[in-house]
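Residue indices begin at 1 and follow the sequence shown. Keep in mind the model is a prediction, meaning the values are calculated, not measured. These values consider heavy atoms only, across backbone and side chains, with no hydrogens, waters or symmetry-generated copies.
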Amino acid sequence: MIKAQHKGFLIFAAPEEITDNGKWSVRVLIMRNMKTDTVSKQQYYKSKNTCDSREEAEAHSIFYALRVIDGKIPGQNTNSLFSVI
């Protein structure tokens, strides 16, 4: 599993194989630690794009997460990760 950090968020590539065509989804889990190390908020994000291999989908998933965090994807944001638990 590929992971990265960006602006206080922890990113995990989480692509899924699409069974009907053998392609892979661009999907990522973004986590944000709250005030303690034992509490975190997380959310999955998924792009409409697909890739031919798991490795390609992992790389695209990380890039997609960076764009979500930076507010570059219309309709996708990390606002829910800032709400109080």
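Using a 4.5 Å cut-off on side-chain heavy atoms (C-beta onward), Ile11 and Ile69 make contact.
In this structure Asn49 satisfies the side chain to side chain contact (heavy atoms under 4.5 Å, CB included) test together with Val26, Ser47, sequence neighbours excluded. Residues that satisfy the side chain to side chain contact (heavy atoms under 4.5 Å, CB included) test with Glu55, not counting sequence neighbours, are Ser53. Under the side-chain hydrogen bond (donor to acceptor under 3.5 Å, both in side chains) criterion, Arg54 pairs with Glu58, sequence neighbours left out.
Summarising the geometry, atom CE belonging to Met31 is positioned 5.0 Å from atom CD belonging to Gln42; distances are rounded to the nearest 0.5 Å. To the nearest 0.5 Å, atoms CZ (Phe9) and CD (Gln43) are separated by 10.5 Å. In this structure, the separation between OG1 on Thr50 and CD on Glu56 is 8.5 Å, given to the nearest 0.5 Å. With values rounded to the nearest 0.5 angstrom, Ile30 atom CD1 is found 10.0 Å from Asn77 atom CG.
Applying the ring-ring contact (aromatic ring centres under 6.0 Å, His included) definition to pairs two or more places apart or across chains, none involves residues 44-71.
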Validation: residues 1-8 side-chain donor-acceptor distances under 3.5 Å, sequence neighbours left out:
from : atom 1 : to    : atom 2 : distance (Å)
His6 : NE2    : Asp70 : OD1    : 2.9
His6 : NE2    : Asp70 : OD2    : 3.4
Lys7 : NZ     : Asp70 : OD1    : 2.8

Please tabulate, for side-chain N and O atoms in residues 12-23, each donor-acceptor pair with protein atoms closer than 3.5 Å (sequence neighbours left out).
from  : atom 1 : to    : atom 2 : distance (Å)
Asn21 : OD1    : Lys23 : N      : 2.9
Lys23 : NZ     : Asp52 : OD1    : 2.5

